[in-house]
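Letters go in sequence order (proteins before strands), and every chain restarts at 1.
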Amino acid sequence: MAYDHKKVETKWNQYWLKNKTFKTDASSNKKKFYALDMFPYPSGSGLHVGHPEGYTATDILSRMKRMQGYEVLHPMGWDAFGLPAEQYALDTGNDPAEFTDKNIDTFRRQIQDLGFSYDWDREISTTDPDYYKWTQWIFLKLYEKGLAYIDEVPVNWCPALGTVLANEEVIDGLSERGGHPVERKPMKQWMLRITAYADRLLEDLDELDWPESIKEMQRNWIGRSEGANVTFEVAGQDESFTVFTTRPDTLFGATYAVLAPEHKLVEKITTADQKEHVSAYIEKNKSKSDLERTDLAKEKTGVFTGAYAINPINNQEIPIWIADYVLASYGTGAIMSVPAHDQRDYDFAKTYNLAIIPVLEGGDIEKEAFTEDGKHINSGFLDGLNKDDAIQKAIDWLEKEGKGERQVTYRLRDWLFSRQRYWGEPIPIIHWEDGTTTGVDESELPVILPKTTEIKPSGTGESPLANIDEWVNVTDPKTGMKGRRETNTMPQWAGSSWYYLRFIDPTNSDHLADKDLLNEWLPVDVYIGGAEHAVLHLLYARFWHKFLYDIGVVPTKEPFQKLFNQGMILGENNEKMSKSKGNVVNPDDIVGSHGADTLRLYEMFMGPLDASIAWSETGLDGARRFLDRVWRLFINEETEELSEKIVNDVEDDKLEKVYHETVKQVTENYQDLKFNTAISQMMVFINEAYKTDQILTAYVEGFVKLLSPIAPFIAEELWDKLGHDETITFEAWPTYDETKLEENEIEIVVQILGKNRARMMVDKDVTREELEKLALEHEAIKERIADKTVRKVIVVPGKLVNIVAN
RNA sequence: GCGGUCGUGGCGGAAUGGCAGACGCGCUAGGUUGAGGGCCUAGUCGGGGUUUACUCGGUGGAGGUUCAAGUCCUCUCGACCGCACCA
């Protein structure tokens with residue numbers, strides 16, 4: 001009978017769950033290995049074939065490490081707060097908690113069907129009060145240390161969702177979820193001071209074993225730039241403003257200044273006759289979305305305020321303009337313009353006929369700005385210096401004269417942390433009637449998210465929690481003072497910023513996790529997930545981790561030592577899978593038709609783990625065919641017992657070399673996450689084994705072990721058929737013998753001028769000199785070099801001989 | 001525009017600077033079968049040819065380094081991802 005995946009997969013799933021095969025003993029004495037997946041948001045549409053790709057990769061590592069004697073921590077949980085559940089609840093009137101629980105049940109069932117070796121006793125959900133108690137606790141600590149604060153900031157107000165969105169959640173002026181229009185509106189918000197950690201978040205990237213592309217993205221996101229703040233007086237008024245510049249050396253070339261339209265000074269300094277123009281400009285830009293503002297980037301617009309500033313370095317009066325190419329949110333919201341040496345300033349100056357004074361030699365300011373290095377000219381005491389020296393000297397001068405100072409600016413902005421939503425962790429803060437604000441006492445955590453049937457946004461910007469009087473209103477039992485709970489909730493990023501810590505000690509009620517256990521298990525050895533989390537999630541988690549390190553909660557500076565981003569699985573038409581395109585593949589269907597092992601095998605065989613590759617039904621069939629071939633090779637289809645080809649002794653062991661090669665390559669490839677080549681090597685072994693009449697039992701057992709991390713169900717069943725009573729999970733990983741990899745006779749390629757001209761079989765121990773001699777004496781070679789002079793012979797032992805002859 | 005990643009058969013892809021195309025899909029042929037499917041075996045980069053171990057060309061394009069380049073360097077074209085008026 002053919003391999004029956006349904007029967008076998010059901011059998012072993014029940015066995016694993018019943019025996020808690022994958023339970024982690026967190027305090028064991030074994031070496032530790034922590035393999036973490038990015039936990040999913042349990043959406044209503046269930047698991048997607050993209051999920052199991054990364055999960056299979058970590059599962060392979062986990063299963064191999066168990067067999068190599070490690071204590072493995074391999075957990076799964078749910079990032080279950082989030083807007084979709086709230087939107088669903090609004091649409092249907094159902095409780096988002098119930099909806100979420102139902103989705104989690106589906107996800108858990110689907111994930112278990114795929115045979116991942118998770119310790120289900122460590123399952124956590126960010127929505128569980130026992131979990132978010134500690135999310136709130138971390139917030140309180142941040143608040144105590146002054147890293148959580150309230151600020152009035154212009155935020156992305158989305159009327160349709162009745163909530164505020166983070167910049168990151170707004171794409172092209174529309175909400176990321178739902179695609180509703182978004183407008184700017186100032187509001188009081190909780191902010192987290194991630195900028196205080198900017199330098200450390202940047203520097204510590206160097207120590208991490210992460211893909212260079214992700215590190216680079218984080219560096220760009222943090223966007224550190226060094227320069228100077230320079231103070232400009234406003235001519236004839238008792239006002240001044242500060243600009244940030246990376247090129248203080250070009251101060252002599254500053255011919256005008258530009259303020260962001262939102263800059264506080266604009267109203268004060270604008271002259272009467274320019275007032276109308278300026279107001280009109282500001283009004284026009286206010287109504288523009290960010291998208292429209294950037295779309296108009298090619299044509300720079302602005303308007304003169306009528307006021308002049310005094311260039312501190314030469315006391316010249318320069319006009320002050322406003323323009324929306326200057327952003328209020330970056331630097332000081334004001335710039336000095338050096339049109340001769342900055343392309344944006346150049347374009348602006350050309351448009352409005354402003355002066356352009358070159359202060360560096362080289363370039364042609366008739367055509368474009370000169371942004372390269374050169375000797376300074378027209379620059380007083382900076383003349384003759386190059387860029388770097390002039391920057392230093394200019395800053396020294398500014399500091400001495402009290403007109404500026406060295407300054408580092410980041411692109412990174414503080415983390416807008418509050419959400420006007422129901423379905424999130426309540427922020428544990430109370431606003432008292434005397435105007436003070438305090439954190440909720442630690443002993444009162446968690447602040448439970450109350451159940452309610454009214455979760456519609458208030459529409460005023462407050463969250464639905466504001467309508468629940470018995471929850472919102474509190475009285476201090478000691479003083480009798482009345483207060484109101486913070487009604488904002490936390491963003492989805494909160495719970496996912498520390499969940500990897502809770503997995504280490506998921507039921508601890510006294511601490512977020514036991515300190516000794518954290519010492520044992522951190523950092524995470526390997527963390528695999530999608531590249532879409534390259535910046536935000538990973539930056540936020542690193543920030544919280546560093547904070548927890550500073551207050552002595554965690555022992556490491558960084559949470560994730562090795563990170564890997566799996567690629568995307570595209571639809572068969574090579575496009576991203578989506579319902580609207582009708583190219584979505586449901587893992588349940590594949591588990592039913594081909595089996596979980598086949599799905600795992602196929603996803604690992606498609607190509608490199610980090611590549612984005614299109615789904616192929618015939619490719620999937622091929623993966624199943626391989627498992628069938630393995631089954632038929634080892635199992636007699638009539639008796640369903642072990643094939644009589646499998647024996648304890650053979651006369652002529654034809655498989656020895658390929659077996660040892662396979663053990664070596666598969667072991668190394670798994671370690672390097674090169675699963676596609678590991679699988680191809682196993683295919684080579686099976687192809688060879690088919691050509692022999694007898695196969696040593698030891699090879700079969702070794703092969704089944706190698707296969708087990710990828711296809712655990714069929715491996716368990718074969719292990720059982722091989723006569724073992726216990727699970728294969730903790731059997732020793734196969735080893736290989738290096739000496740068995742060498743042939744006595746090896747083939748050497750003989751090249752002339754780098755082109756293959758002959759091959760010869762030689763003894764493996766032949767020396768360089770002998771090899772050279774043999775090559776030169778080879779018949780075909782002799783003929784070719786007969787009329788040539790041999791200039792040089794390069795010998796690569798074991799590989800080739802290259803003769804340079806002409 | 002800036003930054004990153006990457007261009008290899010009909011397709012997915014493989015190759016510590018050392019025999020390009022492993023492995024799989026697809027296709028072709030033979031075998032097995034009442035037939036089909038399945039399975040087994042063999043072939044499958046292109047041109048030429050005396051078609052087993054012959055020969056020439058070949059990794060987006062153009063140069064370069066090297067005894068030797070898919071791999072390293074320069075330029076260029078193209079694709080994808082991220083950021084985007086960041087002073």
Over all strands shown, is A:Q751 touching base, sugar-phosphate only, or nothing at heavy-atom distances under 4.0 angstrom? base
So, is A:R632 near the phosphate of B:G38, with a side-chain N or O under 4.0 Å from OP1 or OP2? no
Is the distance from OP1 or OP2 of B:A14 to the nearest side-chain N or O of A:N676 less than 4.0 Å? yes
Proximal nucleotide (of B:C85, B:G13, B:C67) relative to the A:Y325 side chain: B:C85
Candidate nucleotides B:G18, B:A87, B:G3, ranked by approach to the side chain of A:N220 - the nearest: B:G3
Do any of residues 680-691 of chain A sit with a heavy atom less than 4.0 Å from RNA chain B, and if so which? A:S680, A:M683, A:V684, A:N687
Whole angstroms only, please: what is the CD1-C1' distance between A:I679 and B:C25? 14 Å
Nucleotide nearest A:D324 (side chain, heavy atoms from C-beta), chosen from B:C85, B:A87, B:A15: B:C85
In whole angstrom, give me the gap between the P atoms of B:G58 and B:A20. 12 Å
Using 30° and 60° as the class boundaries, would you call the ring planes of A:F304 and A:W321 parallel, tilted or perpendicular? tilted
Using OP1 and OP2 only, check whether a side-chain N or O of A:R219 sits under 4.0 Å from B:C83. no
Select base, sugar-phosphate, or nothing to describe what A:V796 touches, counting heavy atoms under 4.0 Å on all strands. base
Contacts of A:Y346 meeting ring pair (Phe, Tyr, Trp, His ring centres under 6.0 Å) (sequence neighbours excluded), chain-then-number -> none
Taking OP1 and OP2 of B:G26, is either one under 4.0 Å from a side-chain nitrogen or oxygen of A:R625? yes
Is the A:Y325 ring parallel, tilted or perpendicular to the A:F348 ring (thresholds 30°, 60°)? tilted
What nucleotide, of B:A87, B:C25, B:C83, holds the atom closest to the side chain of A:T618? B:C25
Which nucleotide in the set B:C67, B:A14, B:C39 lies at the smallest distance from any side-chain heavy atom of A:T677? B:A14
Closest nucleotide among B:C83, B:G13, B:A87 to the A:P608 side chain: B:G13
Using the P atoms only, state how far B:G1 lies from B:A15, rounded to an integer number of Å. 34 Å
Of the nucleotides B:G24, B:G3, B:C40, which one has an atom closest to the side chain of A:E216? B:G3
Counting Watson-Crick and G-U wobble pairs with both distances under 3.5 Å, what is the dot-bracket string for RNA chain B, 5' to 3', using [ ] for crossing pairs and | for pairs to another strand? (((((((..(((.....[....)))(((((((.....)))))))((((.....))))..(((((..]....))))))))))))....
Identify whether NZ of Lys or CZ of Arg in A:R629 sits under 6.0 Å from the centre of the six-membered ring of A:Y690 and within 45° of that ring's axis. yes
In Å and rounded to the nearest 0.5 Å, what is the CD1 to CG distance from A:I714 to A:D628? 7.0 Å
Just call it for A:S225: base, sugar-phosphate, or nothing, with non-hydrogen atoms closer than 4.0 Å on any strand. sugar-phosphate
Looking for any heavy atom pair under 4.0 Å, which part of the strands does A:I794 touch: base, sugar-phosphate only, or nothing? base
